[in-house]
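Read the numbers this way: they start at 1 and go in the same order the structure lists the ligands and their atoms. If you're wondering where the values come from, they're calculated on a predicted model, not measured in any experiment.
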Amino acid sequence: LAFDVLIVGTGHAGAHAAISLRQQCFGGTIALLGEETGLPYERPPLSKAYLAGRKAPERLLIRTSAFWSERGIALLPGRRVVAVEPDRHVVRAADGERIQYGKLIWAGGGRARKLGCAGSGLAGVCTLRSLADADRMRTGLQEAERVVIIGAGFIGLEVAATLKALGKKVTVVESEARVLSRAVGVPLAKFLEQEHRARGVDLRLGSHVAHMEGIDGHVSRVVLESGERLPADMVVVGVGLIPEADALLDAGAAGGDGVDVDERCQTSLPDIHAVGDCASQVSPFRHGARARIESVQNAVEQASTAASAVLGKATGRHAVPWFWSEQYDLRVQMAGLSRDYDDCIVRGAPTSGSFSVLYVRDQRLIAADCVNAPRDFAQARALILNGARVRGGGALSDSTIPLTALG
Ligand SMILES: Cc1cc2nc3c(=O)[nH]c(=O)nc-3n(C[C@H](O)[C@H](O)[C@H](O)COP(=O)(O)OP(=O)(O)OC[C@H]3O[C@@H](n4cnc5c(N)ncnc54)[C@H](O)[C@@H]3O)c2cc1C
């Protein structure tokens, strides 16, 4: 087999790279190859509406099967690439099949990190990354009443909210002193902690898992380092992602935390681009430091950049990174990257259920987390993008003054 452009990974970034190539009038052959078996689908609903049983599997699809065939995009599912030979422009699949490419777009995403403690291989201990994982979880939930979630990141908290709404007894164990410690500032973390506790989630912060125990090979409890035993019919491990880029790194690509790419999503290997969760790129929104961003917006944006680069076109400006999460009736929208800030300002009253947290550095707005506050979110994105100085003196915290009036 040989293709002008071979895309490895049929997730959000891979699918959108193919879509973008055709949108930009690329006339060559394209193949979309990946280890999963079905059509490309969206992951965000897996911890939300799909897990809750409120979304049918066909509504997860990024495009219908007719879309791919009408545009001449060959789908090669059920194949895992284990090696890349950049000099020969060839990838090798696990079954030995070799596929030739002109340009390679690597969109391997990542796999869920697992726990290494005793008992983590017991039946009923799950991670959530793929549709197959979500289906396994839904089947297991039919018999499970008590669920222990390990890790209070976005996936852990979204699963907690979904399972609580399904009437399960939910405990969340987090080793850090607060939830979402890598992703948001203290005010939003504290607010979400209260919301989960108010709805009956047993949230254990600063708690470390020692091991898990089972009965007849199925998990029955999680044992904490304190010695406490938490009964569990199911355990969901949500402790982050390991980027899938080994085949590129083994072939000599620069990287470490995923694979390094430049502003055109080009790796250090000739004719090989990388996009999505596995790609680490210098970001103007992190003051020139590298960032590996795990979001749909980043996947779609980098896919379009790589498609332009393959076509030899100029690539657009960086868009402000953004992300969303849904927990209960709370819609959280985050713009920018909230790291290395000087000041963190709460705008509006968290008790009202609609407020924002603004992150300022050098008198400029660099990020905003907005809870049920879509107008703040839209205006904050514009302010972050133009990098204008914002007025201080308490004006930012006054939600009666529109953000755009402060830039
Ligand atoms: C449960 C869940 C909820 C989420 N919620 C949100 C949300 O609310 N908002 C948001 O912005 N983002 C959310 N995300 C993150 C978002 O889904 C990811 O950022 C996005 O899917 C990244 O796309 P990707 O194509 O880089 O990776 P993926 O979607 O992971 O796709 C990678 C694909 O590559 C395949 N692959 C990997 N290695 C190989 C190989 N060697 N050979 C062949 N195939 C390979 C994988 O099987 C996979 O199909 C969520 C993710 C999960 C799991």
Side-chain angles (χ1 to χ4, degrees), residues 6-19 31-52 60 62 75-84 91-95 97 99 104-113 126-134 137 149 151 153-159 161-162 183 236-238 240-251 258-259 261 265 273-281 292-303 306 321-327 331-335:
L6 175 65
I7 302 167
V8 175
T10 56
H12 237 108
H16 279 272
I19 294 168
L32 192 47
L33 173 154
E35 63 180 331
E36 291 188 80
T37 46
L39 293 169
Y41 63 90
E42 301 185 347
R43 287 170 212 275
L46 299 182
S47 49
K48 310 176 183 83
Y50 185 74
L51 189 61
L60 301 180
I62 291 175
L75 296 180
L76 305 177
R79 291 162 164 94
R80 180 171 174 80
V81 170
V82 291
V84 177
V91 303
R92 186 158 47 78
D95 65 357
E97 185 181 28
I99 302 165
L104 178 66
I105 300 180
W106 184 271
R111 58 185 182 276
R113 191 180 293 279
C126 331
T127 52
L128 180 55
R129 180 73 196 169
S130 64
L131 181 56
D133 294 337
M137 207 179 273
I149 298 169
F154 281 112
I155 291 183
L157 292 182
E158 288 179 358
V159 170
T162 302
V236 181
V237 179
L241 163 141
I242 300 173
E244 282 272 15
D246 291 352
L248 292 187
L249 299 177
D250 291 348
V259 59
V261 297
C265 293
H273 291 78
V275 291
D277 283 13
C278 67
S280 168
Q281 189 176 40
R292 194 177 54 70
I293 299 177
E294 298 169 12
S295 78
V296 162
Q297 174 269 334
N298 175 69
V300 173
E301 168 104 3
Q302 289 188 335
W322 62 268
F323 187 83
W324 80 95
S325 177
E326 286 158 26
Q327 297 166 40
R331 183 159 174 90
V332 188
Q333 294 169 293
M334 289 146 278

Evaluate Val8 against Val84 for side chain to side chain contact (heavy atoms under 4.5 Å, CB included), listing each step before the verdict. CA-CA 11 Å; Val8 175; Val84 177; over 6 Å; no
Using side chain to side chain contact (heavy atoms under 4.5 Å, CB included), reason through Arg292 and Cys278 one step at a time and then give a plain yes or no. CA-CA 7 Å; Arg292 194 177 54 70; Cys278 67; 5.7 Å; no
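A distance-only check finds a donor-acceptor pair linking the side chain of Gln302 to the backbone of Gly276 [under 3.5 Å]. In terms of modelled atom types and a separation under 3.5 Å, the side chain of Trp106 and the main chain of Ala279 share no donor-acceptor contact. Without hydrogens or angle criteria, Tyr41 side chain to Leu131 main chain gives a donor-acceptor distance under 3.5 Å.
A distance of 9.5 Å separates CD of Gln333 from CD of Glu326, quoted to the nearest 0.5 Å. Rounding to the nearest 0.5 angstrom, the gap separating the CG atom in Asn298 from the CG atom in Asp277 is 7.5 Å. In this structure, CD1 on Ile242 lies 11.5 Å from CZ on Arg129, to the nearest 0.5 angstrom.
At a heavy-atom cutoff of 4.0 Å, ligand 1 is contacted by the backbone of Ala107 but not by its side chain. Residue-level proximity to ligand 1 for Val82 is absent, since no heavy atom of it falls below 4.0 angstrom. Within the 4.0 Å heavy-atom criterion, both parts of Trp324, backbone and side chain, lie near ligand 1. Residue Trp106 touches ligand 1 through its side chain alone, judged by heavy-atom distances below 4.0 Å. The proximity of Val8 to ligand 1, defined as any non-hydrogen pair under 4.0 Å, is limited to the side chain.
Of the residues listed (Val236, Val237, Leu128), the one engaging Ile149 in a side chain to side chain contact (heavy atoms under 4.5 Å, CB included) is Val236, and it is the only one.
Of the protein's non-hydrogen atoms, Phe323 CE1, 3.3 Å is the one closest to atom 12 (N) of ligand 1. Looking at atom 16 (C) of ligand 1, its nearest protein heavy atom turns out to be Val296 CG2, 4.0 Å. What sits closest to atom 37 (C) of ligand 1 on the protein, heavy atoms only, is Gly108 O, 3.0 Å. From the protein, the heavy atom lying nearest to atom 30 (O) of ligand 1 is Arg129 NH2, 2.6 Å. Among protein heavy atoms, the minimum distance from atom 38 (N) of ligand 1 is reached at Arg80 NH1, 3.7 Å. Among protein heavy atoms, the minimum distance from atom 28 (P) of ligand 1 is reached at Arg43 NE, 3.4 Å. Distance from atom 47 (O) of ligand 1 to its nearest protein heavy atom, with residue and atom name: Glu35 CG, 3.2 Å.
Interface atoms of ligand 1 facing Glu36, defined by a heavy-atom separation under 4.0 Å, are 47 (O), 48 (C), 49 (O). Proximity to Ala13 (heavy-atom distance under 4.0 Å) selects the following atoms of ligand 1: 23 (O), 24 (P), 25 (O), 26 (O). Interface of Gly109 with ligand 1, defined as ligand atoms under 4.0 Å from a residue heavy atom, comprises 26 (O), 27 (O), 30 (O), 32 (C). For ligand 1, the atoms closer than 4.0 angstrom to any heavy atom of Gly276 are 26 (O). Less than 4.0 angstrom separates some heavy atom of Val81 from each of these atoms of ligand 1: 40 (C), 41 (N), 42 (N), 43 (C). Set against the non-hydrogen atoms of Glu294, the atoms of ligand 1 under 4.0 Å away are 19 (O). Near Ser295, meaning under 4.0 Å from any of its heavy atoms, are these atoms of ligand 1: 11 (O), 12 (N), 19 (O). Close approach to Gly11 involves these atoms of ligand 1, each under 4.0 Å from a residue heavy atom: 25 (O), 29 (O), 31 (O), 33 (C).
Contact between Lys48 and ligand 1 is present, with at least one heavy atom of the residue lying under 4.0 Å from the ligand. Using a 4.0 Å cutoff on heavy atoms, Arg79 counts as a contact of ligand 1.
Ion pairing of Arg80 with Glu244 is present here, as a side-chain N (NZ or NE/NH1/NH2) and a carboxylate O approach within less than 4.0 Å.
In terms of heavy-atom proximity, Met137 sits nearest to Thr127 at CE-O, 4.1 Å. Heavy-atom minimum distance, Ala306 versus Cys265: CB-CB, 4.2 Å. Taking every heavy atom of both residues into account, Leu60 and Leu46 meet most closely at CD1-CD2, 4.0 Å.
In this comparison of Pro44, Gly9, Ser47, the heavy atom closest to atom 13 (C) of ligand 1 sits on Pro44. Which of Asp277, Ile155, Leu33, Leu46 comes nearest to atom 2 (C) of ligand 1 through a heavy atom is settled by distance: it is Ile155.
An N or O contact shorter than 3.5 Å links His12 to ligand 1 by distance.
In terms of the side-chain contact (heavy atoms from CB on, under 4.5 Å) criterion, residue partners of Gln327 (sequence neighbours excluded) are, by chain and number, Phe154, Leu157, Glu158, Ala161, Leu192, His196, Ser325. Here His12 pairs with His16 under the ring pair (Phe, Tyr, Trp, His ring centres under 6.0 Å) rule; sequence neighbours left out.
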